[in-house]
A.B. asks: 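Once you've had a glance at the structure underneath, I'll fire off some questions.
Heavy atoms only: backbone and side chains are in, while hydrogens, waters and symmetry mates are out. Proteins get letters first, then strands, A, B, ... in listed order; numbering begins at 1 in each.
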Amino acid sequence: MLGLIKLIQDIVRSLNSQGTPGQLAAGMALGAALGLTPLLNLHNLLILAAGMLLNVSFPGFLLGWAVFVPFGFAFDPLFHAVGTVLLINTPALKPMWTVWYNTPIIPLTNFNNTVVLGSVLAWVVLYVPLYLLLRWSIKLYRERVYARLKRVRVFQVIAASKLYNWYRLFRP
Amino acid sequence: MKIFRWKAVGTLAGTILVFALLSWLFLDTLVRRGIEKTGELIVGAKVELAYAHVRLGAGQLVLRGLQVANPRQPMQNLLEASDLVAAINPLPLLEKKLVIDSLIARGVRFDTPRKTSGALANPGETSSAISEQLKSWADQIRFPSFSLEGLGKAIELPPLNQDSLRTVRQARAVVQFADTARRGWEAELHAIDPRPKIDSGKALAARLHGINTRSLNVQDLAQNVQTTKATLAALTSTLDRMRKLERSVDSGVARMRAGVGGLEDARRGDYGYALGLLKLPSLEGPDISPALFGTRALEKMQAVLYWIRIAERYIPPGLTARTHDGPKRARMAGTTVLFPREHGWPQLLLRRAALDLALRGEGAAAGDYQARLTGLTTEPAIYGQPFRLSAQRTGGRVAVRDARLAGVLDHVRAPVRDSVAASVAGFALPSYDLPPLRARAGLGDGITQFSVQRRGDNIDARWLIRSTNVAWQRLADSSGATGGSRKVDDLLWRIVNGVKDVEIETQLHGALDHPSLAVRSNLGAAVTQGLRKEIGAQVAHAEQIARARVDSAVSGQVAAARQRLGSVQTDLQARIAGQRGELDAVRAELEKQLKGLTGGIGIPKLPFQR
């Protein structure tokens, strides 16, 4: 566990985020893709690359991944239904899928799986609303919750511990 | 604010490198597991691979120690191969497709014993469904039992349980289907309610008939044309629904007719069943071969049907999108859809393969063979060529007169056409234990021929075993038979011991879903003839009693099934056909009138008009 925390700290040190609510929200919304969609697919490698290369909060990216994993599992039936409509029940889209399916590299994304397609599409649609919602929540947290939290005795004790190093990644 | 973190490029490159390194390290394991899982999905039994190695640079895949279990006999391997080397085309891999330009397999052996069971706890959905369908088909086939224990005893037939009679079950199914389907058809007819439309159409046609178009002004003419068109549209829509209903009823009646038609066959089976309860064989038919060889023949033909269905599922004709379950993972698997395209790569293609086969044992067929396969693919429509296989003998322990195998699976387009023929002469045939005859037939060297032909949904298969030098051996009597029973044993022994040439033929014929199975043998015919001569009178008397009991047990249900069929045919089917005919006639008349109204000026056909 400590190794994991250390790893996260190292990543943060090397990819020093500016730490604004917008950056943290953008990172979390991007990381949500890894949680919402089945992990071992090519598109997630691209999203990981985006999370590392774009100037968003990488710890936020990892947090977004972790937070949205349960949502991914919970909404799989919904993603499957969306994917089924698009891949099977919409004949107008078939020519497009056929071209994609027979184009090098694209099939490695597994877009032709109902759960993968449905979840990726859901993430794409939700990205902007998720970003806006997260940015607003983080602002609210920093203004109201964090300001009070740092005066609490228990929090001060924790702050002195190693765990605080990890928590500090997300403070303003 | 900067958008990109260029400093992270190095970290990203390092991460990708780690991914690539891990993939490379575990590639062999992933390929091995992939082959095992895919094979298990297709075969429906364990597929094990001892070693797999991918040489990406050389485009080569090396496999060792392949074992494919037999789904129907889990303690046997369907095949084993010691070494397989495949030359892979790397480009299709970028589309997640596997194209093997050539495959060389050595040490391929069939039907080898396994140390552990090859059954899967959860076989694939497809293989389970096929096995289930075949089991249900096989359960419907009842071979008459062969027992002579009842000879010389008083004829006391126990009460027949109606549920154990196939005729009753089949008749009930017809009645149930007829009642359910009829309710649905009546409701649909009620919803369509064609009568008012027919009447209004007729009334309009009569009114238009009496109109002189020259006396109408433009406005009246336009109104009449409009009304006629609207009525025609309504009639066409009703007619479409009526035609659909009529097709449904016709198909339902055909199904019922087939069910009722099969009742006589079922009844014959029940006669045999009732005689079996008396421990006497039926001597009514040409021979008792089904009682002697039926079970083994059925097993053989079930395997044939299983593989034909598997081929149908995994080598489908045409280019329609096809679906299968997604990959197994912690998340929901979903459905994976394949979108084949002409001039693309098939999902899987084995262009050609050369296999060195070995048949085990010391018999005449044991030895080395060479087989060739070409064009094995999951999308024959893309490849454009049928799958062909052939095998011939290259060396053996004992001289064999002939050993051949040739097959073509043409699934390029529908209807699919499969044809496989195998023939081995001089093959050491197995011994047959025939407990009902208290004898073992050592068939010795003989001929085995097997052929299967499939055209669309119809199948014809034939399996023939012929031996001209049968050695008979009397089976030890474990029952300690005395007296009358001993006489029966002696009688059977006299009959079979005189038969030196044995020919057993199994034929499968008809619709792939429920083909009929016939088993014929000169041995069965000889036994029937011999028994008829010696004990014919007694069996005939017992048969009479059994028939009467079966007839009385099934007559009610059979009559009910026939009545339902008759009622649907004469009442509902005729009514629907009549009303549809009226609709046709009214529509034709209105079209004629419409033409008259418009003075023969071509009115564009409505999109829904036929």
A.B. asks: Between B/Phe4 and A/Leu54, does the side chain to side chain contact (heavy atoms under 4.5 Å, CB included) criterion hold? Intermediate values first, please.
C.D. replies: CA-CA 5 Å; B/Phe4 290 103; A/Leu54 295 175; 3.6 Å; yes
A.B. asks: For A/Trp123, does the CH2 atom sit with more than 12 other heavy atoms under 6.0 Å from it, leaving out its own atoms?
C.D. replies: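 Count over threshold, so yes.
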A.B. asks: Roughly how far, to the nearest 0.5 Å, is NZ of B/Lys96 from CG of A/Asn112?
C.D. replies: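 Result: 6.0 Å between the selected atoms.
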A.B. asks: Flag yes if more than 12 heavy atoms outside B/Arg329 fall under 6.0 Å of its CZ atom; otherwise flag no.
C.D. replies: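 Count over threshold, so yes.
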A.B. asks: So which of A/Thr98, A/Ile106, A/Leu48 has the biggest tally of heavy-atom pairs under 4.5 Å with chain B?
C.D. replies: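 Greatest number of close heavy-atom pairs with chain B: A/Thr98.
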A.B. asks: Determine which residues belonging to residues 74-83 of chain A lie within contact range of chain B, meaning some heavy atom pair is under 4.5 Å apart, and list them by number or answer 'none'.
C.D. replies: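 Residues of residues 74-83 of chain A touching chain B at under 4.5 Å: A/Asp76, A/Pro77, A/Phe79, A/His80.
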A.B. asks: Please determine whether the number of non-hydrogen atoms from other residues, nucleotides or ligands lying under 6.0 Å from atom CG of B/Asp101 exceeds 12.
C.D. replies: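 For B/Asp101, atom CG is crowded (more than 12 foreign heavy atoms under 6.0 Å).
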A.B. asks: Most heavy-atom pairs under 4.5 angstrom with chain A, which of B/Leu94, B/Thr335, B/Val337?
C.D. replies: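 Of the candidates given, the most pairs with chain A belong to B/Thr335.
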A.B. asks: Counting only non-hydrogen atoms closer than 4.5 Å, does A/Thr37 touch chain B with its backbone (N, CA, C, O), its side chain (CB onward), both, or neither?
C.D. replies: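 Just its backbone gets close to chain B.
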A.B. asks: Considering only heavy atoms from C-beta outward, does the side chain of B/Lys7 approach that of A/Leu53 to under 4.5 Å?
C.D. replies: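 Of all side-chain heavy-atom pairs linking A/Leu53 with B/Lys7, none is under 4.5 Å.
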A.B. asks: In Å and rounded to the nearest 0.5 Å, what is the CE to OG1 distance from A/Met52 to B/Thr15?
C.D. replies: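 If I round to the nearest 0.5 Å, the distance is 3.5 Å.
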A.B. asks: Calculate, to the nearest 0.5 Å, the distance between atoms NZ and CG belonging to B/Lys97 and A/Asn102 respectively.
C.D. replies: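 It is 3.5 Å, given to the nearest 0.5 Å.
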A.B. asks: Please check if any side-chain donor atom of A/Asn113 sits under 3.5 Å from a side-chain acceptor atom of B/Thr336, or the reverse.
C.D. replies: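 Short answer, yes.
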A.B. asks: Heavy-atom distances under 4.5 Å only: say whether A/Thr103 touches chain B with side chain, backbone, both or neither.
C.D. replies: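 Answer is backbone: N, CA, C or O of A/Thr103 sit under 4.5 Å from chain B.
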A.B. asks: When heavy-atom pairs shorter than 4.5 Å are enumerated against chain B, which of A/Val116, A/Ile88, A/Val99, A/Leu108 gives the highest number?
C.D. replies: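 Heavy-atom pairs under 4.5 Å are most numerous for A/Leu108.
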A.B. asks: Counting N and O atoms only, with roles assigned by atom type, does the side chain of B/Arg5 sit under 3.5 Å from a partner on the main chain of A/Gly51, one being a donor and the other an acceptor?
C.D. replies: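 Yes.
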A.B. asks: In the structure I gave you, are the side-chain heavy atoms of A/Tyr101 and B/Leu338 within less than 4.5 Å of one another anywhere?
C.D. replies: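 Heavy-atom side-chain distance check passes, below 4.5 Å.
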A.B. asks: Against chain A, label B/Ala330 side chain, backbone, both or neither, depending on which of its atoms sit under 4.5 Å from a heavy atom there.
C.D. replies: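 Interface part for B/Ala330: both.
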A.B. asks: Tell me, for A/Leu117 versus chain B, whether the close heavy atoms (under 4.5 Å) come from the side chain, the backbone, both or neither.
C.D. replies: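 For A/Leu117, there is no contact with chain B at all, as no heavy atom is under 4.5 Å.
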A.B. asks: Can you tell which part of B/Arg341 gets under 4.5 Å to a heavy atom of chain A, answering side chain, backbone, both or neither?
C.D. replies: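 Both backbone and side chain of B/Arg341 come within 4.5 Å of chain A.
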A.B. asks: A/Leu36 and B/Arg331: which non-hydrogen atoms are nearest, and at how many Å?
C.D. replies: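 Heavy-atom minimum between the residues: O-NH2, 2.5 Å.
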A.B. asks: In Å and rounded to the nearest 0.5 Å, what is the CZ to CG distance from B/Phe339 to A/Leu87?
C.D. replies: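 So the gap between those two atoms works out to 5.0 Å.
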A.B. asks: How long is the span from the NZ atom in A/Lys94 to the OG1 atom in B/Thr320, to the nearest 0.5 Å?
C.D. replies: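 A/Lys94 atom NZ to B/Thr320 atom OG1 measures 6.5 Å (nearest 0.5 Å).
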A.B. asks: Which atoms of B/Pro92 are under 4.5 Å from chain A, going by heavy atoms: the side chain, the backbone, both sets, or neither?
C.D. replies: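 No part of it gets close to chain A.
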A.B. asks: Please classify the contact between A/Leu45 and chain B as side chain, backbone, both or neither, with a heavy-atom cut-off of under 4.5 Å.
C.D. replies: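 A/Leu45 touches chain B through side-chain heavy atoms alone.
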